[in-house]
Amino acid sequence: MAATTKWRRINEGRDHRWAQPRLSAYMDGELPGRQERRLAAHEQTCPECAQMIRTLQALLMALPALRTPPEVGFAIAERTVERVRARIAEWD
Amino acid sequence: MRPMSGQSEEALVECSQAGDRAAFEELVRRHADRLYAVVVRFVADGEEAQDVTQEAFLRAWRSIGRFRGQSQFFTWLYRIGINEAKRRAGRRPPAELIASLDDDAVPEAPDWSQAPQLRLEQSDLRDVLERAIRDLPMRYRATVILRDVEGLSTSEASEVMELSEAAFKSRLHRARLAVRRSLDEYFLEEKQ
């Protein structure tokens, strides 16, 4: 019984070290099928990785909100067109 | 409607290569805002970002004859813009604070994945995220900006950075962990 528990701990530790650098690719859906299944199984048994995945997912949901709003982007584009047009005209 | 606005990107590039300025202006109009949004996180302020954006397009105009279409126009353009932004940023003394890229979790950090502040209506959290990105070393910063803020695919973003996809993914993961760590610290402070 003690030996089984010991082996389970060793396997969990090995899985944990294996999972850590793959968490981003897992969330991006970019892991090969077998690795994805292994990581999904690990997520079920490792609270640390499960929390890491939840918070990284939340971060990925939040980051696109930093994009420039369309109305600001439009003004930037028009200003850039004018400046680039003027500079190119100077060269001719 | 502008005469060039309905043209495909490939057609605009071809016309630009033939010296058609109106076609090139349409490319500027389509990509300037996104390019600005990327470079603004490398330079001092919005005015410098506007200069870098303009300079990137001028360089693109001068060398568009050499663009072979093996990559998409915007990935080529982003590369020019990021290189120019890095070149300018390199002239300034290094920032005092560069984020740690060590993987250790913040001890006792709460699980903030459901925190209402993440909707970013609160500007202080937006500031925390912007600062966390700016504190990343430059070669890590672009990964998060291109992939997670601007929404490029891994393939597109790795092409911009001239990295293999595997190298890009590794850098992206470390950058995400560093930004996440900043949020750990922010929410830990909130809790205390």
Side-chain angles (χ1 to χ4, degrees), chain A residues 13 16-32 35-36 39 42-43 46-92, chain B residues 21 24-26 28-37 40-41 46 49-51 53-55 57-58 60-62 103 105 109-115 117-121 125-126 129-130 133 144-145 147-151 153-154 165 169-170 172-177 179-180 183-184 187:
Chain A
H16 185 71
R17 286 190 298 280
W18 173 86
Q20 290 284 309
R22 291 173 173 81
L23 292 176
S24 274
Y26 174 62
M27 288 182 311
D28 292 335
E30 292 178 348
L31 280 184
Q35 292 189 21
E36 186 178 343
L39 217 151
H42 176 68
E43 184 185 358
C46 176
E48 192 185 323
C49 282
Q51 179 171 330
M52 175 78 92
I53 288 167
R54 281 195 303 274
T55 51
L56 279 171
Q57 275 169 340
L59 174 65
L60 297 192
M61 296 284 282
L63 283 170
L66 297 180
R67 283 183 199 158
T68 313
E71 62 279 11
V72 178
F74 179 77
I76 290 166
E78 287 306 313
R79 197 160 52 237
T80 310
V81 168
E82 282 169 27
R83 288 186 179 194
V84 169
R85 181 188 296 149
R87 286 285 301 279
I88 291 176
E90 282 173 20
W91 294 338
D92 290 344
Chain B
R21 281 194 271 173
F24 189 72
E25 280 178 17
E26 184 60 29
V28 177
R29 194 170 274 113
R30 286 187 191 182
H31 295 292
D33 59 337
R34 303 262 57 91
L35 178 61
Y36 173 93
V40 75
R41 296 186 169 98
Q50 182 77 68
D51 289 346
T53 304
Q54 173 189 321
E55 187 57 34
F57 279 111
L58 292 171
W61 171 251
R62 283 194 295 256
D103 292 352
D111 180 346
W112 42 263
S113 57
Q114 301 297 321
Q117 295 98 312
L118 284 166
R119 290 197 297 267
L120 290 192
E121 284 137 8
L125 192 66
R126 181 183 288 269
L129 276 177
E130 285 284 5
I133 291 173
V144 172
I145 297 170
R147 183 74 174 86
D148 296 337
V149 180
E150 294 302 318
S153 68
T154 298
E165 287 197 18
K169 283 182 195 175
S170 162
L172 174 66
H173 182 57
R174 297 197 73 194
R176 282 175 177 171
L177 290 183
V179 176
R180 175 192 172 275
L183 290 191
D184 271 354
F187 282 106

Rounded to the nearest 0.5 Å, the CD1 atom of A:Ile76 sits from the CZ atom of B:Arg29 at a distance of 14.5 Å

Apply side chain to side chain contact (heavy atoms under 4.5 Å, CB included) to the pair B:Leu129 and A:Leu59, showing each step before the final yes or no.
-> CA-CA 9 Å; B:Leu129 276 177; A:Leu59 174 65; 3.6 Å; yes

What part of B:Val144 gets closer than 4.5 Å to chain A, counting heavy atoms only: side chain, backbone, both or neither?
-> side chain

Report the option among B:His31, B:Arg62, B:Arg30 that has the most heavy-atom pairs separated by less than 4.5 Å from atoms of chain A.
-> B:Arg62

Non-hydrogen side-chain atoms of A:Arg83 and B:Gln50 separated by less than 4.5 Å = yes

Enter the distance from A:Ile88:CD1 to B:Glu25:CD here, rounded to the nearest 0.5 Å.
-> 7.0 Å

Contact origin within A:Ala89 toward chain B - heavy atom pairs under 4.5 Å | both

Does a side-chain heavy-atom distance below 4.5 Å link A:Leu23 with B:His173?
-> yes

Could you state the interatomic distance from OG1 (A:Thr80) to CZ (B:Phe57), rounded to the nearest 0.5 Å?
-> 6.5 Å

With a 4.5 angstrom heavy-atom cut-off, could you sort out which part of B:Arg21 is near chain A: side chain, backbone, both or neither?
-> side chain

Contact origin within A:Gln57 toward chain B - heavy atom pairs under 4.5 Å | neither

What residue, out of B:Leu35, B:Leu58, B:Thr53, B:Asp33, has the most heavy-atom pairs lying under 4.5 Å from chain A?
-> B:Leu58

Answer whether the closest heavy-atom distance between the side chains of A:Arg67 and B:Arg34 falls below 4.5 Å.
-> yes

Rounded distance (nearest 0.5 Å) linking atom CZ of B:Arg41 with atom CG of A:Leu66 = 5.5 Å

Run the numbers on B:Trp61 and A:Arg87 for side chain to side chain contact (heavy atoms under 4.5 Å, CB included), then give the verdict.
-> CA-CA 11 Å; B:Trp61 171 251; A:Arg87 286 285 301 279; over 6 Å; no

Quick one: CZ on A:Arg85 to CZ on B:Phe24, what's the gap to the nearest 0.5 Å?
-> 12.5 Å

Under a 4.5 Å heavy-atom cutoff, which of A:Pro70, A:Ala58, A:Ser24 has the most pairs with chain B?
-> A:Ser24

In Å, rounded to the nearest 0.5 Å, how long is the span from OG of B:Ser153 to CD of A:Glu30?
-> 8.5 Å

For B:Leu177 and A:Leu56, run side chain to side chain contact (heavy atoms under 4.5 Å, CB included): C-alpha distance rounded to whole Å, both residues' side-chain angles, the deciding distance at 0.1 Å, then the answer.
-> CA-CA 8 Å; B:Leu177 290 183; A:Leu56 279 171; 4.2 Å; yes

Minimum heavy-atom distance between A:Ala77 and B:Ala32, given as atom pair plus value | CA-CB, 3.8 Å

Between B:Gln54 and A:Arg79, is a side chain to side chain contact (heavy atoms under 4.5 Å, CB included) present by the stated rule, with each step listed?
-> CA-CA 9 Å; B:Gln54 173 189 321; A:Arg79 197 160 52 237; over 6 Å; no

In terms of heavy-atom contacts, does CD of B:Gln114 have more than 12 from other residues, nucleotides or ligands at under 6.0 Å?
-> no

